[in-house]
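Take a look at the structure below.
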Amino acid sequence: MMRPGSTHPARAGAGAETATIDTQTPKGAFPAPSSLKVAAGTERAQAAYPYYMQFTAADDARFWFYNSMHFPEPMSAFDMVTAEAAYCALGSSVTRVHCLPTTLGIDYRIINGRVYIGGNAVTDPAEIARRTVEFQQRAFYYYENWERLYTQWREKMLVLIRDAQALPAPVLPEFEPLANVHAGRGIAANHTLLETYQKSLEGYFRMWHHHFEFLLLGYGAYMAFFAFCKKAFPEITDQTVARMVAGIDAEIFRPDEELRRLARRAVELRVDAEFQEGRTPGAIMASLATRGEPGQVWLEELATSRDPWFNINVGDGFYHYHRSWNDDLTMPFSGLPGYIAQIKAGASLKRPIEALQAQRRQLIQDYRELLGSDAERAAYDQMITLAHRVFPYVEGHKFYCEHWYTNLFFNKVREFGQLLAANGFFADTEDVFQLTHYEVESAIIDLMTSWSNGSPPRGPAHWPQIVRERRAAIAEWAKHTTPPALGPVPDVIDDPAIVMLWGITRESLDAWLHAGSEEASNELRGFAASSGVVEGPACVVKSVEEIARVRQGDILVCQITNPTWAPIFQKIAGAVSDIGGSMSHAAIVAREFGLPAVVGTGTATSRIRNGQRIRVDGGRGVVTILS
Amino acid sequence: MDSGGHIAWFEAIGLADREQVGGKGGSLGELKRAGIAVPAGFVLRTAAFERFLESLEQQAPVRAAVAALDGDDLEAITACSAALRQRIESAPLTADVLGELSAAHATLLGAGVPQPVAVRSSATTEDSADASFAGLQDTYLWVTDAAQMLARVRSCWASLYSVPSISYRLRHGLPEERVAMAVVVQIMVDAGVAGVMFTRSPTTGDRSVVTIEAAWGLGSAVVGGEVTPDHWVLGKITGEISVREVSAKLIQHVPLAGGGIEAVAVAEERRRAACLDDAQLQELRTLARRVERHYGSAQDIEWALDRHSGAILLLQSRPETVWSSRDAAPIAEPQQDPRMHLMSVFGTRR
């Protein structure tokens, strides 16, 4: 998710045969937002998004870019809550809490299900100076007290998670339970629905504030070191700097480590024969339950691993359908046969933590020696020390925020979906995600009213048609590509938040402007994530359900590389993704497995066909389609 | 150190001996001492040149003739150069030098099949002034017998009195009495592939990369710019290959049977083939790091890959001068409060 200062020629990704790009656009500018048309027949679905997310004529004067990194697919009405909550919290941190001197928060708009965002630079020198004073009292305090505040952060997150877990399942009994009446509770079950829903929503917005509490400061320290390295060593690769900073024992490695542990336990308990390729997790678990004590012990071990380490989403956690390992055991179980085979072949599967740490130290030391003077070495030491101090947050927060908490939240909304579906509002539980969070609340109030007055709810006559319309709109939007950016090209991109979080630079904009010619060639470019060159058949995996198709020696081609996919890295010969930076965990995992990988190509899953032979040059960031 | 005082074997010399063995000879000795594979050889020390010049001076002035020239009078320089070169190339070697040189040559070749040698100028001024001066002296490749070798030694000496060399000295006011030349005689590598490498990026000055350029055949085609070499950039520490440019290598230098070299066309199917594989590139990178560490400064290195044994041999290493002379202010200074480094990210508009 991090791509500090890197150009990203490929995120233009989108630019292809779309009808939405205005070909009359003058050189040096992207299409104006107002020239972007809502796809025919989807106008009502577009109107469903809140008014403050809709483009207006005034937006034509500003520069916007498509946030394909976080929102690569059209967003359903409900999922926009992630954009709302995240930008609200990011902006608060930047604008009001830490007071970054040169930038305010991020604006966002949605069209055709695509989220466009724009920065908000501070340019007045006097204002920058005023904000600098504030920044140094706030952000510097965080840096100074990092360990204490970060420990406190973890505690806060665990409380937040426990609170979310404690929220009751939404149910409407026929009569209020007698116990409640005798206790004089005075509040009926329908009110609890509203309370639970609002608390869930409130918790989600709150979680995002914690998400951004340290994030930009953490990235900033990394960026300072990164910029220094690029100046001292103009040709150093992004991945080398990433290797110097990346943690070895970050939380994000833990789910995969648990899986390796479970594979070891299966062998020790002699139940490993149960884990056959192609067998469903349900079948394996049912069979283990009949295997007496060893089977029981393994299932208990599984339960320990699942809470909390399987609360990890197969995607980035920004879509309701990025389910967790816990929700769908297919992903973790698909890794077990391979790990078991390796253990039986004598591999320990334990990550060589100390060796990896020693390698990192050596790398830092070797580059240090190449510096031109002792002054430079002293500055280098200060910057790498700071980066090491703060970077664990950047790596660790995702497990708590984007994975664990987000998963709890979407599952709670899913419970409401189930209740509403049971009451005839929807044909399917998942339909709830086609409503905005305001609309979900209105449906809940409709149901509360109906429960209270004994009349049938109005929702069953209202929502199914709307849900159908919106599902059709998402399907339609997914067929079209969208311009990578809109509006006038800024002279420079110097908003540290945008450079840090999205890696967008003036060079990447130029590449977007000249995209299109790329489509004709058989080459895709992305971030050089892990060196090495490999050729092989592409296995294009668009969803977790398709994981089982990955065969030994395939080159994995997927939309998002994510550490939860680590179990299949043991099978593959290389990896290519649409999204991700050189500091993404998948890039780190690929480097650790020694697999060539190119991430952030923008278009790999749409341009590469399953089974095509491809060449991955992970050192140059180039993927070539050979057949 | 040597038999009669005029010969110095590589093993016995280093950079500190530059006054007697010249820049090239000192560098080869230094590499050998550092345990780096260089083709076997020896240096005919500057004392031999002095002896030779002494006998020439007895017949007619040499140094005084040059010193008396006007640096702008090209006609006079040309005439003087022609006369001096003719004298140097035709005069016999002094008996002691002739004996030592022939014996050393025989020792170098040993008892086996006759091997060609390279005879290379090794001027004492080489790395005192700018590197361009080094290019003014001659090198003779694929010298196949003793008689040729003896003639080429005198040719090297004579190259000190080429028009460009004389002009250079006059322009830069280098005193004639300090001009001396040693000559390197070393086994010639029959190179299948050869080239140069730099331990700093020639384009960006980056100290963390090794740039390698190579082409088929003898390295003279690369050094002389007669072929567009293949080009790679490797992370010095990581070994990552960040640039791979395979060029159309149209010609290559090959030895002539009777001595010397010639340019021939590269076979069609080899022109666009990379002339080094990844393992060889990594071997070169390792060598580059060793040489650089040994000298403690960025180096410009010539190397050749023996086409029979596959071994990589170093032919020369000299300090990189372009970027090293440019290093000025540090990229960043340590801060009293390390947090101030963050202001470069957060606090300024670029």
* Asked: Most heavy-atom pairs under 4.5 angstrom with chain A, which of B/Q335, B/K236, B/E240?
  -> B/E240
* Asked: Any ion pair linking A/E369 and B/R293 (charged N to carboxylate O, less than 4.0 Å)?
  -> yes
Contact part of [X] toward chain B, heavy-atom cut-off under 4.5 Å: side chain, backbone, both or neither?
| X | value |
| --- | --- |
| A/F135 | side chain |
| A/L370 | both |
| A/A232 | both |

Measure across [X] and [Y] and return the closest heavy-atom pair with its distance rounded to 0.1 Å.
| X | Y | result |
| --- | --- | --- |
| B/R207 | A/L371 | NH1-C, 3.9 Å |
| A/P101 | B/F346 | CD-O, 3.5 Å |
| A/Y143 | B/R339 | CB-CD, 3.8 Å |
| A/I236 | B/D206 | N-OD2, 3.6 Å |
| B/P330 | A/E376 | CA-OE2, 3.3 Å |
| A/A224 | B/H341 | CB-O, 4.0 Å |

* To do: Test side-chain contact (heavy atoms from CB on, under 4.5 Å) on A/L386 and B/L342 and set out the steps.
  => CA-CA 10 Å; A/L386 195 59; B/L342 295 155; 3.6 Å; yes
* To do: Let me know if B/V243 has heavy atoms under 4.5 Å from chain A in its side chain, its backbone, both or neither.
  => neither
Would you say the side chain of [Y] lies within less than 4.5 Å of the side chain of [X], judging by non-hydrogen atoms?
| X | Y | value |
| --- | --- | --- |
| A/T240 | B/I237 | no |
| A/F140 | B/M340 | yes |
| A/Q136 | B/D337 | no |
| B/T238 | A/Y367 | yes |

* Structure fact -> Counting heavy-atom pairs under 4.5 Å with chain B, the top scorer among A/Q362, A/K231, A/E144 is A/E144
